[in-house]
Student: 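Right, I'll just put the structure down here and ask away after.
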Amino acid sequence: MPAPQCVSCHAARAALRRPRSGQALCGACFCTAFEAEVLHTVLAGRLLPPGAVVAVGASGGKDSTVLAHVLRELAPRLGVSLRLVAVDEGISGYRDAALAAVRRQAARWDLPLTVVAYADLFGGWTMDAVARSTAGSGRSRACCTFCGVLRRRALEEGARLVGATHIVTGHNADDMAETVLMNFLRGDAGRLARGGGLGSRGEGGALPRCRPLQLASQKEVVLYAHFRRLDYFSEECVYAPEAFRGHARHLLKLLEAARPSAALDLVHSAERLALAPAARPPPPGACSRCGALASRALCQLSLVTASRRRHI
Amino acid sequence: MAAPLSVEVEFGGGAELLFDGVKKHQVTLPGQEEPWDIRNLLVWIKKNLLKERPELFIQGDSVRPGILVLVNDADWELLGELDYQLQDRDSILFISTLHGG
């Protein structure tokens, strides 16, 4: 069974069938379509206005590698400038190798890179120290939750440091669908309601954030990286196997086998959800300890660092 | 009787970690009664190349969901998946989408 012809250029052999449309495209036409769709996501959502200084959260992994590469292609048309911001969580072995990949990308693409470390920002915290303190206690599963909160803040600090007006992250449709599943499974209606849309506008002094790859499936992100021959770092974080997200990912993969568009459909469903008034989270205010944007009295960072201090 | 085939098998996106970190493998598949297809290539890979945790690569008679398979740079979905019959000098690439982000 030979591959069909590309339905776009009618010249080359098709390299893939797109999950949602079922279109069979060659590698070159697929990459062009992928870039056009990211451009459309950014323009239609008014995510990055002309003149924006955009901090790209860069981990060296496939998603942020593809995001940085695509935005670099689109930057002249969008009229924005890019800065790479990488976060060093203090995970020896894993993060050192990933940061090396980010440094290679910054050099190859001639983009300025800034690295911010948990150890410098959060008074000596590293994820290795956190993991040691929780090992075998049944609380190690919470490592990723804790790290996620710290990373969000670190990226914000790094972005301010480089004078950015906007932050972009590489979350793709599968990441968002996993989050939707996790929020459902945990009964977290407040997060479900907040998760909709392509990002946050930047309330309460926080920089606006967006996810230009949110409508791109993981499979297409990986295929784009393959056809564009992008070099990325692909090892799992040493602490990730503990995380609940793994179960949501597994469930999503099983669903996708039966329905290729499952991830995109879940993201779409979450965006269309309407919550009963009683389930809506209160409008965000300021953290009573550090003044950052918070949906409760304390922001996530103050909350988790306070609970960690009690345990360590 | 199918003649022996010489093919390139490559692993990427983190899948190579299950193969001692080696990405490219030039392999010769021995002649056998049945034609070689991806289904029996996977059995051969499991027996001859896979070094650890086979369940992270193979589930049932196929690859674990989330691992992409490209035959000569085309998604195997276009080519009949497990039933694709290998040709001499084919290149088969397995990319994990499950690692990192």
Side-chain angles (χ1 to χ4, degrees), chain A residues 1-4 6 12-19 22 24-27 30 57 59-67 94 98 101 169-172 174-175 178 213 217-223 225-227 232-237 240 245-246 249-258 260, chain B residues 8 10-24 35-39 51-53 55-87 89-101:
Chain A
M1 179 162 144
C6 171
R13 223 164 37 94
L16 76 155
R17 193 179 295 288
R18 307 205 63 193
L25 294 180
C26 68
F30 160 70
S59 70
K62 59 184 176 354
D63 299 305
S64 62
T65 299
V66 166
L67 178 63
Y94 168 70
T169 56
H171 296 93
N172 61 44
D174 292 47
D175 297 328
E178 287 163 14
L213 300 183
S217 70
Q218 179 128 286
K219 176 175 177 175
E220 293 203 335
V221 169
V222 170
L223 287 175
H226 171 70
F227 290 123
Y232 62 89
F233 177 73
S234 53
E235 273 180 43
E236 194 77 276
C237 172
R245 180 169 290 273
R249 179 170 300 170
H250 181 64
L251 179 56
L252 183 64
K253 287 294 144 207
L254 295 176
L255 291 170
E256 271 185 329
Chain B
E8 181 181 272
E10 187 177 352
F11 305 97
E16 70 277 13
L17 300 172
L18 304 173
F19 298 85
D20 265 352
V22 179
K23 289 193 169 181
K24 281 196 184 188
W36 280 97
D37 55 20
I38 304 270
R39 186 178 282 106
K51 299 291 186 226
E52 54 178 302
R53 293 175 291 169
E55 72 281 4
L56 295 187
F57 187 70
I58 288 181
Q59 278 178 19
D61 67 348
S62 191
V63 291
R64 178 185 179 204
I67 293 179
L68 308 182
V69 185
L70 300 185
V71 178
N72 303 324
D73 244 8
D75 189 344
W76 74 334
E77 283 178 9
L78 296 170
L79 303 167
E81 305 197 0
L82 290 170
D83 295 324
Y84 172 78
Q85 288 197 5
L86 294 173
Q87 314 291 317
R89 311 213 170 278
D90 269 352
S91 113
I92 299 96
L93 168 61
F94 299 90
I95 314 179
S96 173
T97 65
L98 302 167
H99 288 80

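Everything numeric in this text was worked out from a predicted model, so none of it was measured. Convention: sequence-line order gives letters A, B, ...; per-chain numbering from 1. Note: hydrogens, waters and symmetry copies are ignored here, and every other heavy atom, side chains too, is used.
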Student: Below 4.5 Å from any heavy atom of chain B, which atoms of A:Ala14 appear? Answer side chain, backbone, both or neither.
Tutor: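 Contact with chain B: backbone and side chain both.
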Student: Would you please name every residue forming a side-chain hydrogen bond (donor to acceptor under 3.5 Å, both in side chains) with B:Gln85, sequence neighbours left out?
Tutor: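 For B:Gln85, no residue satisfies side-chain hydrogen bond (donor to acceptor under 3.5 Å, both in side chains) once neighbours in sequence are set aside.
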Student: Taking C-beta and beyond as the side chain, do A:Arg13 and B:Leu78 meet within less than 4.5 Å on heavy atoms?
Tutor: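 Counting from C-beta outward, A:Arg13 and B:Leu78 never come under 4.5 Å.
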Student: Please state whether the side chain, the backbone, both or neither of A:His226 comes within less than 4.5 Å of a heavy atom of chain B.
Tutor: side chain
Student: Which atoms of B:Asn72 come close to chain A, meaning under 4.5 Å heavy atom to heavy atom: side chain ones, backbone ones, both, or neither?
Tutor: both
Student: With respect to chain B, which residue among A:His171, A:Glu256, A:Arg17 yields the maximal number of heavy-atom pairs within a distance under 4.5 Å?
Tutor: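 Of the options given, most contacts go to A:Arg17.
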Student: Could you tell me whether A:Asp175 and A:Arg245 make a salt bridge, using a distance below 4.0 angstrom between a side-chain N and a carboxylate O?
Tutor: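 No, A:Asp175 and A:Arg245 are not salt-bridged.
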Student: When you check the gap from the basic side-chain N to the acidic O, do A:Arg18 and A:Glu220 get nearer than 4.0 Å?
Tutor: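 Answer for the salt bridge query: yes.
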